[in-house]
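Keep in mind that what you see is a predicted model, and the values were worked out from it rather than measured.
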Amino acid sequence: MKDKFITVGTFLKWLVIGTIAGIVVGLTGTLFYYCSSAAEFFREQHSWIIFFLPLAGAAIAYFYNALNYSHDKGTNLVLLAVRDNKEMGIKHAACIFVASVITHLCGGSSGREGASLQIGAAVGSQAGRLMKLDEDDKRIMTMCCMSAMFSAVFGTPATAAIFSMEVISVGIFYYSAIVPCVVSALISRGIALYFGAQRLTVSVAVPDTTPLNYMKTAVLGILCAGLSIIFCLAMAYGLKYFRKIKNHYIRAAVGGTIVVVLTLIAGTYAYNGTGGAMIAAAFQQSPFALAFLIKMLFTVVTLCSGFKGGEIFPVFFIGASFGSALSPLLGMDCSMGAAVGMAALFCGVTNCPIASVLLCVELFGSEGILFYVLACAVSYMLSGYKGLYSEQKILYSKTKTRYINKRIGDRK
């Protein structure tokens, strides 16, 4: 009987906390959504501002140095905040918020979702300390706010809740966080919707469930697994080479200059910013065949040189354009190719198959779930032990029922 009361008490506690977190973080996420959207809109209307990107990079470096965050670990710190209770705070949230908006304003190639995870985790970590929660509850609080922020910004509450529990340590779920994560994500999304925040809206022509169509989907999943490895290696080597420039100001200015030059060579601004319009377009017609590689190059230079934002939306761009471009060769509708490519690449770089399938269901509907499950399963297994986040741990082997406890960033 005592255990039942403890369980009920814990449930009520997290129900209340999840509700409050959903409201507070939902408002924060909505503000971030509109600030970054306004920055992108201004850049689209005033394309000349891209020439200020090198200066913007130096300004971001100065801002981080002024707040003593010059060695910021980005989304990796989010994983450490949950797994090892590393402290994050409001200063970190302010840094990534302001720096991401500046990056979007001046044309850096980054997204909102990775930044939203950092903001949410920082708010959750700070709140956990202020509430004097114990070590375990601080972890749950951090995941709760991560879910709320991701949900408000991207508009997929189920994906947001599960992703926060799945991405930390691959092979296990932090099920203890499921109530606060789900509650905060739902409330946060409701608040974002109330204020008019929009999410990606596309339609997918789902094929018949035939062996041939399953085979085509599996082939695209295999190719996306390979592409995920290439992207993760590109990010790793990009960081390695940019870090050879020890001065943070010069490093960011060099990266900004390269992006400006790449934009002039490309002759279009489609690869700057989040690239949401290009993602939507990939579901309607196949893009330029090398669009995914161009976006990858823009993103690697932007994020590895010190600009801020997220990796996830660029991954959506790369995956959708890759799948859509290959769809004619595979005999698939371009919308199906884009959906499968987007999900499979996201799965490959994050090692989160469950969240990837849920993402498809929330964005594209459940009709094609069998194809999405197949593509994500194939991509997860064949992407190996690579990933975007070097601090992510894979606790269980991808091919055997064996505990391996391997960190993505480990060389061996």
Peer 1: Taking all heavy atoms of C232 and all of G387, pick out the closest pair and write down the distance.
Peer 2: SG-C, 3.4 Å
Peer 1: To the nearest 0.5 Å, what is the distance between CD1 on I60 and CG on N65?
Peer 2: 12.0 Å
Peer 1: Indicate the atoms forming the closest heavy-atom contact of S100 with I96, along with that distance.
Peer 2: OG-O, 2.7 Å
Peer 1: Decide yes or no on side chain to side chain contact (heavy atoms under 4.5 Å, CB included) for V315 and L388, but give the supporting numbers first.
Peer 2: CA-CA 10 Å; V315 165; L388 282 177; 4.1 Å; yes
Peer 1: Just by modelled atom types, is the Y380 backbone N or O under 3.5 Å from a matching donor or acceptor in the K398 side chain?
Peer 2: yes
Peer 1: Do K295 and Y271 meet the cation-pi criteria used here (NZ or CZ under 6.0 Å from the six-membered ring centre, within 45° of the axis)?
Peer 2: no
Peer 1: For side chain to side chain contact (heavy atoms under 4.5 Å, CB included), just list the numbers for M296 and T299, CA-CA rounded to whole Å, side-chain angles, deciding distance to a tenth of an Å, and then say yes or no.
Peer 2: CA-CA 5 Å; M296 187 185 300; T299 303; 5.8 Å; no
Peer 1: Determine whether S169 and Q392 make a side-chain contact, defined as any pair of heavy atoms from C-beta on separated by less than 4.5 Å.
Peer 2: no
Peer 1: Without hydrogens or angle criteria, can the side chains of S125 and E87 be said to hold a donor-acceptor pair below 3.5 Å?
Peer 2: no
Peer 1: Take the angle between the ring planes of Y237 and Y241 and call it parallel below 30°, perpendicular above 60°, tilted in between.
Peer 2: parallel
Peer 1: Test your reading of the model: is there a side-chain donor-acceptor pair from S327 to the backbone of G337, 3.5 Å cut-off?
Peer 2: no
Peer 1: Show your reasoning for whether side-chain hydrogen bond (donor to acceptor under 3.5 Å, both in side chains) applies to S37 and R112.
Peer 2: CA-CA 10 Å; S37 296; R112 302 187 186 108; 2.8 Å; yes
Peer 1: To the nearest 0.5 angstrom, please state how far the CG atom of L293 sits from the CD1 atom of I318.
Peer 2: 8.5 Å
Peer 1: May I ask you to decide if A375's main-chain N or O and S379's side chain share a donor-acceptor pair within less than 3.5 Å?
Peer 2: no
Peer 1: Considering only heavy atoms from C-beta outward, does the side chain of R83 approach that of E391 to under 4.5 Å?
Peer 2: yes
Peer 1: Taking atom types as modelled, find out whether T302 and S109 have a side-chain donor-acceptor pair closer than 3.5 angstrom.
Peer 2: no
Peer 1: Can you tell me how far the CE atom of M149 sits from the CG atom of L117, to the nearest 0.5 Å?
Peer 2: 9.5 Å
Peer 1: Around atom OH of Y396, are there more than 12 heavy atoms from other residues, nucleotides or ligands closer than 6.0 Å?
Peer 2: no
Peer 1: To the nearest 0.5 Å, tell me how far M131 CE sits from D137 CG.
Peer 2: 8.5 Å
Peer 1: Closest approach of Y249 and A58, non-hydrogen atoms and distance?
Peer 2: CD2-O, 3.5 Å
Peer 1: So do E40 and L105 actually touch side chain to side chain, heavy atoms under 4.5 Å?
Peer 2: no
Peer 1: What pair of heavy atoms forms the shortest contact from A115 to F32, and how long is it?
Peer 2: CB-CZ, 3.8 Å
Peer 1: Can you confirm whether R43 sits close enough to C106 that some side-chain heavy atom of one is under 4.5 Å from a side-chain heavy atom of the other?
Peer 2: no
Peer 1: Can you tell me how far CD1 of I49 sits from OH of Y269, rounded to the nearest 0.5 angstrom?
Peer 2: 11.5 Å
Peer 1: Looking only at non-hydrogen atoms, find the nearest pair between A192 and T30 and report the distance.
Peer 2: CA-OG1, 3.4 Å
Peer 1: Answer yes or no: are there more than 12 heavy-atom neighbours, outside Q285 itself, under 6.0 Å from its atom CD?
Peer 2: no
Peer 1: Find out whether H92 and L77 are in side-chain contact, i.e. whether some heavy atom of one side chain is under 4.5 Å from a heavy atom of the other.
Peer 2: yes
Peer 1: Mind checking whether M146 and V82 have side chains closer than 4.5 Å, heavy atoms only?
Peer 2: yes
Peer 1: Take the angle between the ring planes of H46 and W48 and call it parallel below 30°, perpendicular above 60°, tilted in between.
Peer 2: perpendicular
Peer 1: To the nearest 0.5 angstrom, please state how far the CD1 atom of I394 sits from the CG atom of N351.
Peer 2: 4.0 Å
Peer 1: Counting C-beta onward and ignoring hydrogens, is there a side-chain heavy-atom pair between V123 and Q126 closer than 4.5 Å?
Peer 2: no
Peer 1: Show me the donor-acceptor pairs within less than 3.5 Å that the side chains of residues 354-361 make with the rest of the protein, sequence neighbours left out.
Peer 2:
from : atom 1 : to   : atom 2 : distance (Å)
S356 : OG     : C347 : N      : 3.4
S356 : OG     : C352 : O      : 2.7

Peer 1: Return yes if some donor-acceptor pair links the side-chain N/O of S184 with the main-chain N/O of G18 below 3.5 Å, else return no.
Peer 2: no
Peer 1: Check step by step if side chain to side chain contact (heavy atoms under 4.5 Å, CB included) holds for F317 and F292.
Peer 2: CA-CA 7 Å; F317 182 120; F292 71 97; 5.9 Å; no
Peer 1: Using modelled atom types and a 3.5 Å cut-off, is there a donor and acceptor pairing between side-chain atoms of R129 and backbone atoms of M88?
Peer 2: yes
Peer 1: So, the side chain of N272 versus the backbone of G108: is there a donor-acceptor pair under 3.5 Å, distance only?
Peer 2: no
Peer 1: Determine yes or no for a side-chain-to-main-chain donor-acceptor pair under 3.5 angstrom, with Y34 supplying the side chain and F195 the backbone.
Peer 2: yes
Peer 1: For the pair Y194 (side chain) and R189 (backbone), establish whether a donor and an acceptor sit closer than 3.5 Å, ignoring hydrogens and angles.
Peer 2: no
Peer 1: Quick one: do the S335 and D333 side chains pair a donor with an acceptor below 3.5 Å?
Peer 2: yes
Peer 1: Is the distance from the ring center of F154 to that of F316 below 6.0 Å?
Peer 2: yes
Peer 1: Does S286 reach the main-chain N or O of A282 with its side chain, forming a donor-acceptor pair under 3.5 Å?
Peer 2: no
Peer 1: Within the side chain of S366, is there an N or O that forms a donor-acceptor pair under 3.5 Å with the backbone of I369?
Peer 2: no
Peer 1: Quick one: are the ring centres of F231 and F322 less than 6.0 Å apart?
Peer 2: no
Peer 1: Which heavy atom of S151 sits nearest to which heavy atom of A185, and what is that distance?
Peer 2: OG-O, 2.8 Å
Peer 1: Could you check whether atom OH of Y174 has more than 12 heavy atoms from other residues, nucleotides or ligands sitting under 6.0 Å from it?
Peer 2: yes
Peer 1: Do F371 and L220 have side chains that get closer than 4.5 Å, going by heavy atoms?
Peer 2: no
Peer 1: Using side chain to side chain contact (heavy atoms under 4.5 Å, CB included), reason through M235 and L239 one step at a time and then give a plain yes or no.
Peer 2: CA-CA 6 Å; M235 289 291 291; L239 281 171; 5.7 Å; no
